[in-house]
Each structure stands twice: as C-alpha cells, then as structure tokens.
Amino acid sequence: MAGHVLIIDYGSQLTQLIARKSRALGYYAEILPAGLPLEGPLAEKPGALVLSGGPASVEEENAPGLDSLILSSGLPVLGICYGMQLVARALGGRLSREASGEYGPADFFPLKPEPLFSGLNKERLRVWMSHGDRVEEVPPDFEITGRTKDLPAAAMAHKTKPVHCLQFHPEVHHTEGGEVMLRNFFQAAGLKPGWKMSSFARDAVADIKKTVAGGKVILGLSGGVDSTVAAVLLHRAVGSQLHAVFVDNGLLRSGEAEEVSSALRKSYPDLNIAVRDASEEFLRRLKGVSDPEEKRKVIGKCFIDVFKEEAGKLGKVDFLAQGTLYPDVIESVSPQGPSALIKSHHNVGGLPENLPFTLIEPLKFLFKDEVRALGSELGVPERLLWRHPFPGPGLAIRIIGPVEEGDLALLRKADFIVREELESAGLAREVWQAFAVLLPVRSVGVMGDGRSYGKAVVVRAVTSVDAMTADWARLPSDLLGRFSSRIINEVPGINRVLYDISSKPPSTIEWE
Ligand code: XMP
C-alpha cells in the first residue's frame, strides 16, 4: 500500500500506539521490527518513516542501530525518543546518559516555527517523557525546536530536510497536542489521509488477487475471529481458489468444529471448507510432552504436516494463508532482541523454516479490535466476530503438564460452564477472554459423606483491548460462585476451583 506510514520498532511498548493513532487519523501504518531488512518494505513505497522509542541505550553494545537506508531514502522521518537519539548520534550529535532519567509528565516549550507544532498556539505543552539518555548537542544542520526545564534539546529538526525529532512521546494520550503533532508530520510529509477499514478491505483484496493470481490457497480455520476474518477476506479476493481446512486437533472447545464450520457454510455457501479430524495424530504426538514451548512446537509441526496432506489432496497448492495478528508477531519474533520472545505463537514461531507454501498473512499489522471492525465491514456474522480469542495450540496449553484425553474431556466441560455462565450473566463481550485451566495439583475435599482427592481448575477471565496488556476481570462474586459450584458438581474429578487474579504483565493471559 504505497503512501503509508512505516514505523520502525525499536522495542518500545508504545510502538503499537503510534500505529493505532496513525490509523485513527486516517493514515495507514505498518510496523517493522528494527534490524529486519528494509529493502522490501521501502520498495512498497511508504510516504514517511517513524522511528519508535525503545528500552535500550543508544550507546550500549548490541543496541539496535539506525539502518543507513532510513536517512538515505530521503523520506520524511519522525524520530521519537530512542529514534531521536539514534538520528542525533548517526549525524554527529552528542549524547549523554542521565543519572536518573526522566519519566512521566514534563513542561515542553516549543522554540522555533517547527511545522509539527503548528496550530498548537501555546507556549507550554504538557508532554510525556520516558528516557534515560539525552541529546546534549544536536548534529550540524539541525536546530533545537523545543526544550523542557531540564532538557535543552527536547526536540530538534533538520534545517532543510524533512527530519523531525521529539524526545517525548506524541503517541500517548497524556501528551498535550500529540495527535496534532502526528497529523502535522503526516501532512507535511504530503501523505493523504482517508484510510478507513473499508479501504483496508479494498486494498487487501486487490493485493491478495495480485499475489495469488491463478494460484490455489489453503487456509487453516481455527474457530477464532482471526482465521474466520482472514477466510472471508480471502474468499472475497479469490473465491473458489481458497480452500479452508478446519483441523480438528482434538484440542478444541466443546462443539467448536461443527459450530464454526456450519455458521460459515451458512453465510458463505460457496466457500470451500473441509473439516479434517486429526485429533488422534495430535494426541499421539503430544504424548508425554509437558514443556509449554515444546507443546507449541509439536502442535505447530503437526498442523503443517496435516496441511501438507490436505494440500496434497488438492493438487498443487501455492499459498498458505493465516490470520496472524500484530500481537502474535510482536511477541513471537525477537529481531535482534528489542522486544523479548515471550511465547512462540504456533502460527508464527512454530512454523518450520522451509515451508512448501508461500505465506499470506493479510491481517498481520492489525489488532484484534481492528480485525473485528474489518470482519464487520466484510459482513462476517456477529456471533463469529465476538467469539473470544482461542489460541492455536488450544486446550493443550491450558492443561499444565502432559496432555491426556481424559483431562481434555474434564477441561472441555469446565470451559463450557465458564462460557455458558458468563454469557447468561451478559458479560461475555465485556471480557476479552474467559476460560478454564486444569492444574495437575490434587487436593482433599469432602463430597457427600466421602473424601475426595481431585484436581483443581483455575478460572481465568481478563479484560484487554489487544492482548498486549490485560487485567483480571472483576467479575461479580455470585458469578464466581456459580462457576465453582457448577464445575465441582458437574465435572467429576474436580473438587476445587480457583480464580486467577494476575494481570499481564507480569503474567501472560494463557498459563503456558
Ligand atoms: P498470552 O498468553 O501470550 O496471550 O498473553 C495473548 C493472546 O494470544 C493468544 N495466544 C495464542 N494465539 N496461537 C494463537 O493463535 C498461540 O500459540 C497463542 N498463544 C496465546 C491468547 O489466547 C491471548 O488471546
């Protein structure tokens, strides 16, 4: 998509906000982790580059550096925080490390008629800072465009070239005028606003058509929002060249394969969907595997093998489409280490390197709420759009320890109760995800007149906007009570129910 904003991510937790803010202003933005080759993304002709903040110190060994193509591209550049420091160092400025850094609000005084601040007719703006290093001396041909009380060079710009830098974060809500600064930057860069979800759908359909041409595409349906929306998008682009395969890996929730495939068949009668029951194969390969990363790898590998078999039945298949989202990418890829590898989401990290298909991931720069908006744009039934996210490795990562068939049956029942009760309480949409986790821990109970020695189930319910951060849901205590009494009464073998009150970070949403 030419004329978009390309954000180079140096690992700041706020990078995603730059993308969202840009899109909300009508400018399409993509994020590229620092350290990955720039030639390809530049060939897609972005209209402006934004360099994000990052946790490293520019002077540290192994800190992500500034790719020389960034400044030589001649594209307008906005450097934010770490991005500003990178530009300053690359062009001959001087940096220093502060003893204590500066975090939180600061009063910023815009100094020169810098186009970024136009329309902000204030002498003082409240901005949000988060940095340990500072620019002491701006590079030759740059001028200081703003200061704070303690920071003489809190913003700088090149005297003749479109390179602008801010030490503070315009993307955060707490920076006064931040949105105006971003909009001013995009306007000065000559970008045309007007990006909407409908334009994304239109452009994505055109891109997919061009890439796929006369080829055949296979797509794994998982029952989740992402693969459903990806399927509908691809179906719109290439119609019957798309072959969706719902792999029943034996790790699904109760009734899932049937529910999703029949809902899709009903709405899109000419969408090719095959349901393949591969549960025995998955469970056999998972036998005795208890390490979470190992489980993910085994499941990812098994998926690919099943796909290869299904693809084999279709003759020559050229593409594998996946509904990978941005949070999957960011938590699974650790390019030169700006953001740490948290988990290998099966549809990213678990894939073998030499795939026999070309990957198509049309949603990979979107967040879940944006995917739902896209789905709605494409007419995906509400019931499918508002399903809670469900991980590719399914219930396997909600059974702590080895995955046994009997445990899967227990967990399925408990999970069903959680979802049913949440829905009858009318809280399903307020919660990002709610599910049960089976612990290998046994405890003593008394049931009827006898002693029980059963397993424990943890109920996890979180609120979130994009799964990057999450908080435990403050569910009403009588609802928690119903989870507990129904699970203990209806699921033999479970005699204790706990509620998980951990947020993300430091915990993650799933237990494995
Ligand atoms: P975590 O546990 O990392 O999860 O906080 C964040 C979100 O991602 C989902 N998740 C996955 N989704 N494949 C997926 O497609 C995976 O391997 C995977 N692991 C976690 C999780 O359910 C939550 O919504």
Side-chain angles (χ1 to χ4, degrees), residues 13 16 219-231 246-247 249 251-253 256 260 282 286 289 291-304 307 320-334 339-352 359 361-364 366-372 385-400 403 411 415 418-419 428-429 431-437 458-473 500 502-512:
Q13 295 290 320
Q16 47 154 325
L219 172 139
L221 276 178
S222 70
V225 185
D226 317 342
S227 60
T228 301
V229 172
F246 196 115
V247 175
N249 56 12
L251 308 167
L252 301 172
R253 289 170 288 196
E256 186 141 44
V260 172
F282 277 85
L286 275 171
V289 179
D291 176 71
E293 277 297 288
E294 192 54 32
K295 281 185 191 171
R296 284 165 186 275
K297 293 272 147 63
V298 168
I299 294 165
K301 172 93 182 40
C302 198
F303 255 109
I304 288 297
F307 270 127
L320 167 65
Q322 298 203 112
T324 314
L325 302 193
Y326 177 66
D328 304 337
V329 177
I330 201 69
E331 292 192 350
S332 297
V333 186
S334 181
S339 53
L341 170 68
I342 313 287
K343 294 177 185 181
S344 303
H345 286 203
H346 87 272
N347 45 357
V348 184
L351 288 183
L359 269 186
E361 298 177 305
L363 313 179
K364 83 172 173 194
L366 300 185
F367 293 87
K368 185 79 78 185
D369 54 342
E370 293 176 309
V371 169
R372 286 198 170 116
L385 278 186
W386 285 96
R387 289 170 66 84
H388 282 175
F390 186 64
L395 300 180
I397 56 167
R398 295 179 180 168
I399 291 180
I400 311 308
V403 182
L411 184 56
D415 181 74
V418 170
R419 288 187 294 138
R429 279 209 188 183
V431 165
W432 170 267
Q433 249 172 314
F435 55 88
V437 176
V458 177
V459 175
R460 175 91 166 126
V462 296
T463 52
S464 177
V465 282
D466 51 22
M468 304 283 287
T469 56
D471 199 3
W472 59 279
D500 183 347
S502 332
S503 61
K504 172 183 180 176
S507 303
T508 52
I509 296 176
E510 304 289 346
W511 270 50
E512 291 196 332

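What's counted below: heavy atoms across the whole structure, side chains too, no hydrogens, waters or symmetry copies. First listed ligand is number 1; within each ligand, the first listed atom is number 1.
Between G392 and ligand 1, at least one N/O pair is under 3.5 Å apart.
Atoms of ligand 1 found under 4.0 Å from any heavy atom of R296, numbered from 1 in the order shown, are 16 (C), 17 (O), 18 (C), 19 (N). Those atoms of ligand 1 with a heavy atom of P393 less than 4.0 angstrom away are 13 (N), 16 (C), 17 (O). Below 4.0 Å from some heavy atom of T508 lie the following atoms of ligand 1, by number and element: 1 (P), 2 (O), 5 (O). Applying the 4.0 Å criterion to heavy atoms of W432 picks out, from ligand 1, the atoms 24 (O).
Proximity of P393 to K295: side-chain heavy atoms (C-beta onward) are nowhere separated by under 4.5 Å. In this structure the side chain of R419 reaches within 4.5 angstrom of the side chain of R253, judged on heavy atoms. Here the side chains of F282 and I299 are in contact, with some heavy-atom distance below 4.5 Å. Put simply, the side chain of L325 does not reach to within 4.5 Å of the side chain of E370, judged on heavy atoms.
Test I397, D500, I399 against W511 for side chain to side chain contact (heavy atoms under 4.5 Å, CB included) and you get one pass: D500.
Looking at P389 against ligand 1, only its side chain comes within 4.0 Å, counting heavy atoms.
E510 has no carboxylate O lying under 4.0 Å from a charged side-chain N of R296, or vice versa, which leaves the two without a salt bridge.
In this structure, of K504, E512, E510, the residue bringing a heavy atom nearest to atom 22 (O) of ligand 1 is E510.
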